[in-house]
Participant: 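Please read through the structure below; I'll follow up with questions.
Keep in mind that the numbers below use all heavy atoms, side chains included, and drop hydrogens, waters and symmetry copies. Note on naming: letters A, B, ... go to the chains in the order of the sequence lines (proteins, then strands), and numbering restarts at 1 for each one.
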Protein chains: 2
Amino acid sequence: MPVEFTSDMPIYLQLIRLVRQGVASGELVPGSRLPGVREMAIEYGVNPNTVQRALVKLERDGLLYTERTAGRFVTADAARIAAVRGELADRQIDDFVRQMKSLGYNCRQLLETLEKKWSDHNGDD
Amino acid sequence: MPVEFTSDMPIYLQLIRLVRQGVASGELVPGSRLPGVREMAIEYGVNPNTVQRALVKLERDGLLYTERTAGRFVTADAARIAAVRGELADRQIDDFVRQMKSLGYNCRQLLETLEKKWSDHNGDD
DNA sequence: CTTATTGTATTAAGTGATTAATACAATAAG
DNA sequence: CTTATTGTATTAATCACTTAATACAATAAG
């Protein structure tokens, strides 16, 4: 599955978000191995250096770890994953509330629209 | 009020978002005059060229218009403003629903959290 | 007419992101 | 031991964004 990148943001930051979201959602299974940087580079149509840059950052954040010649793996630290998931959700909600308030929505109106949109989405989860 | 920019995105794009949000929310009054590019550049701590680049884009989108030597103004086209407001809201909601679903939230759980966060915010609107 | 302010255009320089092309160290596999 | 694959590091080139320093055209104000 080819992933599209926007030019609005550096690719390595978009990669960070992509993988982080995968880890937080569990789509990337804890303890499982990631494709190598060269393989991911081909998959995403970017340079291996760019992939490396993103993964190293996620490693410093404790979401990934490396075994020297075996490859890179998703952390098995459930608490760490849960924490990141919580941070992502909090930030999403805060930003969303701020934006929608700024646009003049009220609470009831928003909840209705949201509930409707939720059903419309072909929800996998 | 000094505005902070992130290095995650080009400044001119952040300026576009800032002004567009102002127009869509009505914080920038329809028909009212904006500060000059030089003045805005000082206010935001950026280069006049960068401000110009952002405002020209918003002009092409029909949110602003220019009178040659008088300055730049917010459109008075209420329909256009309403349309942009709707687009912004739709995009916000779509992204939000997608993200929260991906993180494994269910609808009821989300609505509760959201309602709570809404009250916590020192809502101006 | 003169002056000041408006948007606009241009050029050069600096910075960061990205790519390409390598190379190296470590280790599992044969 | 040899080989292949892993992450990692380095160098140079290119491109977009940003800034700085101007300059110009149009017009309202004096």
Participant: Could you check how far CZ of B:R68 sits from C1' of D:dT27, rounded to whole Å?
Facilitator: 9 Å
Participant: For D:dC17, does OP1 or OP2 lie under 4.0 Å from any side-chain N or O of B:Y12?
Facilitator: yes
Participant: Taking atom CZ of A:R33 as the centre, report whether more than 12 heavy atoms of other residues, nucleotides or ligands fall under 6.0 Å from it.
Facilitator: yes
Participant: Could you give the CZ-to-P distance, from B:R38 to D:dT19, as a whole number of Å?
Facilitator: 16 Å
Participant: Does B:D95 pair with B:R91 as a salt bridge, N-O distance under 4.0 Å?
Facilitator: no
Participant: According to a strict under-4.0 Å criterion, is B:T50 in side-chain N/O contact with OP1 or OP2 of D:dT19?
Facilitator: yes
Participant: Suppose we define a pair by two distances each less than 3.5 Å, Watson-Crick or G-U wobble; what does C:dA23 pair with here?
Facilitator: D:dT8
Participant: To the nearest angstrom, how far is B:F5 atom CZ from D:dT18 atom P?
Facilitator: 10 Å
Participant: Which sits closer to the 5' end of DNA chain C, B:V37 or A:L13, going by the nucleotide each is nearest to?
Facilitator: B:V37
Participant: Measure from CG on B:N47 to P on D:dT18 and round the result to the nearest Å.
Facilitator: 10 Å
Participant: Can you tell me the base-pairing partner of C:dT15? Count Watson-Crick or G-U wobble geometry only, both distances below 3.5 Å, and say none if there is no partner.
Facilitator: D:dA16
Participant: In the strands shown, is C:dG30 matched to any nucleotide by a Watson-Crick or G-U wobble pair with both distances under 3.5 Å, and which?
Facilitator: D:dC1
Participant: Give a yes-or-no answer on whether the side chains of A:Q52 and A:N49 include a donor-acceptor pair shorter than 3.5 Å.
Facilitator: no
Participant: Specify the separation, in whole Å, of atom CD of B:E67 and atom C1' of C:dT6.
Facilitator: 11 Å
Participant: Between P on C:dA28 and CZ on A:R33, what's the gap in Å once rounded to a whole number?
Facilitator: 13 Å
Participant: Same cluster or not: A:V29 versus A:I81, using hydrophobic residues (I, L, V, M, F, W, Y) connected whenever any side-chain heavy atoms lie under 4.5 Å apart?
Facilitator: no
Participant: Please report, rounded to the nearest Å, how far the P atom of D:dT14 is from the CG atom of A:N49.
Facilitator: 17 Å
Participant: Heavy-atom nearest nucleotide on DNA chain C for B:T69 versus A:Q14: which residue maps closer to 5'?
Facilitator: B:T69
Participant: Starting from C1' on D:dT18, measure out to CG on B:L15 and report it in whole angstrom.
Facilitator: 12 Å
Participant: Check the orientation of A:F73 and A:Y65. Use parallel for under 30°, tilted for 30 to 60°, and perpendicular for over 60°.
Facilitator: parallel
Participant: Give a yes/no on whether any side-chain N or O of B:R53 is located under 4.0 angstrom from OP1 or OP2 of D:dC17.
Facilitator: yes
